[in-house]
Amino acid sequence: MCGVVGIVSSRPVNQALYNALTVMQHRGQDAAGIVTWSDSHGLKQRKSNGLVRDVFRHRHMMRLKGNVGIAHVRYPTAGGSRSSEAQPFYVNSPYGICLAHNGNLTNHDELAEMLTREDRRHLSTNSDSEVLLNVFAHELQIRVDGRPTPADIFGAVDAVHKRCTGGYAVVAMIIGFGIIAFRDPNGIRPLVLGERESDGQKDYMVASESVALDILQFSRLRDVRPGECVFIENSGVLHCQDFDGVTGHTPCIFEYVYFARPDSILDDLSVYKARLRMGEQLAGKIVREFPDHDIDVVIPIPDTSRTAALQVAYHLGVKYREGFIKNRYIGRTFIMPGQAERAQSVRRKLNAISLEFRNKNVLLVDDSIVRGTTSQQIIKLAREAGANKVYFASAAPPVRYPNVYGIDMPAASELIANGRTIEEIQEIIGADRLIYQDLHGLVRSVRHGNSAIREFDTSCFSGEYVTGDVTEEYLHELETRRNDAAKQSRQTRKKRASNVVSL
């Protein structure tokens, strides 16, 4: 999962892009990058591994001149954890194009081979974002003769949709002309469009989450439609065109469960309201399955489960308490690259308040259970703090299948619910009772505010992939390349190569 942003303004955008990245830091902690453009200073770029606050220093910000720019925060799914794969990416033909991408292409290998063999384009990384950039650059190049028109750009994006499959939200800058933004035809990955009055003209902004618009005082116009292309000229003129092919609208439901900030609105759906309703639905499930419960207190696992846990406590008629104090300087454990690092991080990240656990039957509420590492460690913390019994509830259904559209769940063998019953999961994580949300309850919770959305991408819960091209062979190959062991092997090779260079 990554975060993207693009701005065309009447004033410098460097600070605005930086601020937008800071409020989307939860979407990726591996790398960050900003690219800006101005007629007088040309193209300026800064990108590297690390958090936003560490990648950009005062001297970098001073060099990022211009009223047009795009930016990106990243964590690695496809590709690796290397500074060479920090985004935005750049190609010099045609015109010079920079691109930042959130998502994952399911036909990456096929496209990479075709780009090299037929389109005669060179790829220097394993990132599917570089593949997507080169597909767009090739399609634009064969359509233009001179200055690109909106029709040329829309035609190139339509061709991208026809060649690429998967989930993706893209912002790109055509140097000297403007910024484009588009979503995959299924609208799996989010992208929001906003505007702001500035010095008598309109500024435009696109971002992965509406909260980035809010902090820069942009009004949220709407979500970019599935397959739609938005082109904002450097002069501030806005052009939009829908995809001429088949589209659906199946946004990723895991955005509402975990990834997005609660103060964001995605596809006209409030993340906060969705999580409130998840708590209501979960409370109903607990009452049905555990009518004679002896729960003394409901405690959330901070931060994303707080909203749901509060509703669970209210509807069960029991106390809600904050039982864990979070160290704000530890990253999100789910998106840390490696099981060992995730496990070690939990105790550095959370500390239990013994008074809230001692001699009590505690219901811990989390947004989801993915690998089970965090849940297991937290239950152990609760017992060490003196809890009598520790019950565990998940606001999401069991995560049983890989996610292939841009969330780091590529290996079924690493998912605790894959091939296991709830009783078996309960025993592994050490809970006295485990209760999961039902899938239909989760869908009802999220779509409540927008009945126009008929279905969501629920592939990690249901095993149903909306793009229709995900086979068992593909999933096996994906797991082989992107499981934790493979990631660790790549990291080891990288360290050895670094040591050789330093010697």
Are there more than 12 heavy atoms of other residues, nucleotides or ligands under 6.0 Å from atom NZ of K319? no
Given the rule in the side chain to side chain contact (heavy atoms under 4.5 Å, CB included) test, do C252 and Y405 qualify, once you have shown the distances and angles that lead to the verdict? CA-CA 9 Å; C252 174; Y405 300 128; over 6 Å; no
Do D268 and R220 meet the salt-bridge criterion of a basic N to acidic O distance under 4.0 Å? yes
Smallest separation among heavy atoms of V23 and A212, with atom names: CG2-CA, 3.8 Å
Is there a side-chain contact between L21 and V55 (heavy atoms, below 4.5 Å)? no
So, the side chain of R400 versus the backbone of A417: is there a donor-acceptor pair under 3.5 Å, distance only? yes
Does the T250 side chain pair with the main chain of E455, one donor and one acceptor, at a distance under 3.5 Å? no
Which pair of non-hydrogen atoms, one from V135 and one from C164, has the smallest distance, and what is that distance? CG1-SG, 4.2 Å
Going from CD on Q141 to CG on N134, what distance comes out if it is rounded to the nearest 0.5 angstrom? 10.5 Å
Strictly by modelled atom types, are S129 and Q87 linked by a side-chain donor-acceptor pair under 3.5 Å? yes
L213 CG to S208 OG distance, which is reported to the nearest 0.5 Å: 10.5 Å
pair H249-R454: side-chain heavy atoms closer than 4.5 Å: no
Kindly indicate, with the supporting measurements, whether the criterion side chain to side chain contact (heavy atoms under 4.5 Å, CB included) is fulfilled by V4 and L191. CA-CA 8 Å; V4 299; L191 197 61; 3.9 Å; yes
Short N-O contact, R143 and D152, less than 4.0 angstrom: no
Between D267 and R447, is there a salt bridge with N-O shorter than 4.0 Å? no
Any heavy-atom pair between the side chains of N67 and S38 that's under 4.5 Å? no
Measure from the side-chain N and O atoms of S9 to the backbone N and O of R11, and report whether any donor-acceptor pair falls under 3.5 Å. yes
Return the CG to CD distance between D469 and E110, rounded to the nearest 0.5 Å. 9.0 Å
Let me confirm one number: the CZ-CG distance from R63 to N14, rounded to the nearest 0.5 Å. 12.0 Å
What's the shortest heavy-atom distance between V399 and L415, and which atoms? O-CB, 3.6 Å
Taking A396's backbone N and O only, do any of them form a donor-acceptor pair with Q437's side chain (distance below 3.5 Å, no angle check)? no
Is K273 atom NZ crowded by more than 12 heavy atoms from other residues, nucleotides or ligands, each under 6.0 Å away? no
How are the rings of F254 and F461 set to each other: parallel, tilted or perpendicular (split at 30° and 60°)? tilted
Interatomic distance, CG@L282 vs CG@D367, rounded to 0.5 Å, equals 11.5 Å
Please check: side-chain N/O of N104 versus main-chain N/O of V404, any donor-acceptor pairing under 3.5 Å? yes
Please check: side-chain N/O of T247 versus main-chain N/O of P226, any donor-acceptor pairing under 3.5 Å? no
Output, in order, the C-alpha distance, side-chain angles, deciding distance and verdict of side chain to side chain contact (heavy atoms under 4.5 Å, CB included) for F177 and R147. CA-CA 9 Å; F177 297 102; R147 183 181 181 87; 3.2 Å; yes
Run the numbers on R163 and D119 for salt bridge (Lys or Arg N to Asp or Glu O under 4.0 Å), then give the verdict. CA-CA 13 Å; R163 292 181 65 177; D119 298 347; 3.0 Å; yes
Does a donor on one side chain and an acceptor on the other come within less than 3.5 Å for E130 and T125? yes
Quick one: does E228's side chain get under 4.5 Å of R183's, heavy atoms only? no
Which residue is it: M24, Q25, Q29? I am looking for the one with a side chain to side chain contact (heavy atoms under 4.5 Å, CB included) to R27. M24
Quick one: are D457 and N403 in side-chain contact, heavy atoms under 4.5 Å? yes
Are the side chain of H239 and the backbone of F231 linked by a donor-acceptor contact shorter than 3.5 Å? no
Would you say V68 and I179 make side-chain contact, with heavy atoms under 4.5 Å? yes
Once rounded to the nearest 0.5 Å, what's the spacing between atom CG of D244 and atom CG of D158? 4.0 Å
With the side chain counted from C-beta on, respond yes when E322 and R306 share a heavy-atom pair under 4.5 Å apart, and no when they do not. yes
Which atom pair, heavy atoms only, marks the closest approach of V5 to V171? O-CG2, 3.8 Å
Tell me if a side-chain donor or acceptor on R277 pairs with a main-chain N or O of S445 at a distance below 3.5 Å. yes
Closest heavy-atom pair, N102 versus M1, reported as atoms and distance to 0.1 Å, is OD1-SD, 3.6 Å
Answer yes or no: are there more than 12 heavy-atom neighbours, outside Y314 itself, under 6.0 Å from its atom OH? no
Between the side chain of Y90 and the main-chain N/O of Q45, is any donor-acceptor distance below 3.5 Å? no
Could you check Y18 against T22 for side chain to side chain contact (heavy atoms under 4.5 Å, CB included), going step by step and ending with a plain yes or no? CA-CA 6 Å; Y18 177 92; T22 60; 3.6 Å; yes
Look at the aromatic rings of Y168 and F182 and report parallel, tilted or perpendicular, splitting at 30° and 60°. perpendicular
Identify the heavy atoms of P300 and P302 that sit nearest to each other, and give their distance. O-CD, 3.4 Å
Main-chain N/O of L221 paired to E195 side chain as donor or acceptor, under 3.5 Å: no
Got F89 and K47 here, is their nearest side-chain heavy-atom distance under 4.5 Å? yes
